[in-house]
Amino acid sequence: VRRRSLPRTLATRRASRYDRVMRIAALSLLLVAGTALADGEIRLDVRVGETVEREVGYARGWFCDDASLLHGDMVTRGDRNYFVVTGVKPGVTNCRVGEAYSFHYVFEVHVLAKR
């Protein structure tokens with residue numbers, strides 16, 4: 001049984017459509033993987049009684065697993081937001097700055113003892 005082949009132009013169009021779909025799928029996977037990598041924790045060291053701040057762009061709001069270790073606040077300067085942390089007692093906690101389903105930062109906050 002001999003198979004009829006598609007005309008070259010139709011076969012080429014199907015191949016280019018397939019290539020386009022595969023490129024879009026690959027790009028989508030890279031974007032999702034990049035987002036997952038962006039969720040890595042950023043280490044933030046602060047001593048008891050001292051204050052540090054980190055720029056967080058347009059992220060709003062914060063939540064820490066153990067807020068008893070620190071005093072946290074969000075301040076806006078110009079068109080940027082800053083996460084401000086003051087150490088209260090030694091320990092380690094994770095803090096998320098930003099909303100869960102939008103752009104956010106995760107900080108691993110290490111509150112160190114006074115010198």
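Keep in mind it's a predicted model, so treat the numbers as computed, not measured. Scope of the values below: all heavy atoms of this structure, side chains included, with no hydrogens, waters or symmetry mates.
You'll find the side chain of Arg47 stays beyond 4.5 Å of the side chain of Lys114, heavy atoms only. Here the side chains of Asn94 and Val109 are not in contact, with every heavy-atom distance at 4.5 Å or above. No side-chain heavy atom of Val97 sits under 4.5 Å from any side-chain heavy atom of Arg60.
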**OP:** Evaluate the salt bridge (charged side-chain N to carboxylate O under 4.0 Å, His left out) criterion for residues Arg115 and Glu50: first the C-alpha distance (whole Å), next the side-chain angles of each, then the deciding distance (0.1 Å), finally the verdict.
**Re:** CA-CA 11 Å; Arg115 290 185 181 171; Glu50 294 181 3; 6.0 Å; no

Original post:
Can Met74 and Val56 be said to form a side chain to side chain contact (heavy atoms under 4.5 Å, CB included), step by step?
Top reply: CA-CA 9 Å; Met74 295 290 295; Val56 292; 3.6 Å; yes

**OP:** Begin with the C-alpha distance, continue with both residues' side-chain angles, and end with the deciding distance and a verdict on side chain to side chain contact (heavy atoms under 4.5 Å, CB included) for Arg80 and Tyr58.
**Re:** CA-CA 6 Å; Arg80 298 284 184 206; Tyr58 298 110; 3.7 Å; yes

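Interatomic distance, Asp45 CG to Leu112 CG, rounded to the nearest 0.5 Å: 5.0 Å. Taking CG from Asp73 and CH2 from Trp62, the interatomic distance works out to 8.0 Å, rounded to the nearest 0.5 Å. For the atom pair Glu41 CD and Cys95 SG, the distance stands at 10.5 Å (nearest 0.5 Å). To the nearest 0.5 Å, the span separating CD on Glu108 from CZ on Arg43 amounts to 6.5 Å. Taken from OG1 in Thr93 to CG in Asp65, the straight-line distance is 4.5 Å, to the nearest 0.5 Å. The SG atom of Cys64 sits 4.5 Å away from the CG atom of Leu70 when rounded to the nearest 0.5 Å.
In this pair, Phe107 and Tyr105 present their aromatic rings parallel. The plane angle is below 30°, not in the 30 to 60° band.
Between Gly98 and Ala59, the shortest heavy-atom distance links the atoms CA-CB, 3.9 Å.
Counted by atom type alone, Asn81 and Thr76 present one or more donor-acceptor pairs between their side chains at under 3.5 Å.
Of the listed residues (Leu44, Val88, Val46), just one forms a side chain to side chain contact (heavy atoms under 4.5 Å, CB included) with Val111, and that residue is Val46.
Grouping Ile, Leu, Val, Met, Phe, Trp and Tyr residues whose side-chain heavy atoms lie under 4.5 Å apart, directly or via other members, places Tyr82 in a hydrophobic cluster with Val75, Val84.
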